[in-house]
Amino acid sequence: VVSLGGKVLTLHVKARDEDPWWPSQTPDWGSSFSYADARNNMGIDVEADENIVQRMLDDAYAHDIHMINYYWLSTEDRLASEHPEWVVRDSQGNVIRHPRRGVYLDLASGYRDVIRDRLIELAAMGAEGFYFDDSHLPEEGAWGGAFQARFEQTTGLATPVDATS
């Protein structure tokens, strides 16, 4: 990028259903698991306390390059397993999956707090901006969990059978 005269670069800090690439404190798993533990992310070994994102941010800033941080917030495998109530379901209760990036998580559930806290962590590392895909939810319905509860609470109506119309 530097040799091409570039001054801004997009960095993928979370591109699919993987764990964060930094030792995130969110959510706090207690003694059972920590994002600071050694782990395998998408076939790549991440050492304990390794912060790949910080390393890339520091390198970019050392070369006067500004970073836009791509954060895929729609799926995360470990959170889908630990919090099945956050999983997005269709009107029949079936789990909705992205074709390549995993099980969708409900942005109206406690998952939104995880996203908020992680973005704050990234900002503390020096992230200057974020890029989110424009399609965070599956196209065909997103009912069950917090979506359904909020719809019914807000409207006083039962959830429609076909949420796409």
Quick check: closest heavy atoms across V13 and W22, and the distance to 0.1 Å? O-CZ3, 3.7 Å
What heavy-atom pair brings N69 and E128 nearest, and what distance separates the two atoms? ND2-N, 4.0 Å
Working for side-chain contact (heavy atoms from CB on, under 4.5 Å), residues R101 and D17: CA-CA 6 Å; R101 295 182 177 184; D17 60 352; 5.6 Å; no
Show the nearest heavy-atom pair for residues L157 and E152, with the distance to one decimal. O-CG, 3.1 Å
Just to verify, what does F130 make a ring-ring contact (aromatic ring centres under 6.0 Å, His included) with, not counting sequence neighbours? none
For E50 and P23, which heavy atoms make the closest approach, and how far apart are they? O-CD, 3.4 Å
Looking at every non-hydrogen atom in both residues, tell me the closest pair between L57 and G126 and how far apart they are. CD1-C, 4.5 Å
Would you call T75 and V103 a side-chain contact if the rule is heavy atoms closer than 4.5 Å? no
Main chain of E85, side chain of H83: is a donor-acceptor contact present, judged purely on distance under 3.5 Å? no
Quick one: CD on E18 to CE on M42, what's the gap to the nearest 0.5 Å? 5.0 Å
Please report the interatomic distance NZ(K7) to CD1(I65), rounded to the nearest 0.5 Å. 7.5 Å
Spacing of CE belonging to M56 relative to CG belonging to L9, to within rounding of 0.5 Å: 9.5 Å
Please determine whether residues I68 and I120 belong to a single hydrophobic cluster, defined as Ile, Leu, Val, Met, Phe, Trp and Tyr linked transitively by side-chain heavy-atom distances below 4.5 Å. no
Return the CZ to CG distance between R16 and N41, rounded to the nearest 0.5 Å. 10.5 Å
Report, as yes or no, whether the 6.0 Å neighbourhood of atom CD on Q25 holds more than 12 heavy atoms from other residues, nucleotides or ligands. no
Taking the inter-plane angle between the rings of Y70 and H12 on a 0 to 90° scale, is it parallel (under 30°), tilted (30 to 60°) or perpendicular (over 60°)? parallel
d(L11 CG, H66 NE2) to nearest 0.5 Å is 14.5 Å
So CD of E121 and OG1 of T26: to nearest 0.5 Å the spacing works out to 4.5 Å
For E76, does its backbone N or O pair with a side-chain atom of Y111 as donor and acceptor, under 3.5 Å? no
Taking every heavy atom of P27 against every heavy atom of Y35, the minimum-distance pair comes out as CD-CE1, 3.8 Å
Y71 versus L73: any side-chain heavy-atom pair under 4.5 Å? yes
Validation row: F132, L119 side chains within 4.5 angstrom (heavy atoms): yes
Residues which pass salt bridge (Lys or Arg N to Asp or Glu O under 4.0 Å) with D113, listed by chain and number, not counting sequence neighbours: R116
Between the side chain of R118 and the main-chain N/O of S24, is any donor-acceptor distance below 3.5 Å? no
Does L105 reach the side chain of V87, with side-chain heavy atoms less than 4.5 Å apart? yes
Describe, in one word, how the ring planes of Y104 and W72 are oriented to each other, choosing from parallel (under 30°), tilted (30 to 60°) and perpendicular (over 60°). tilted
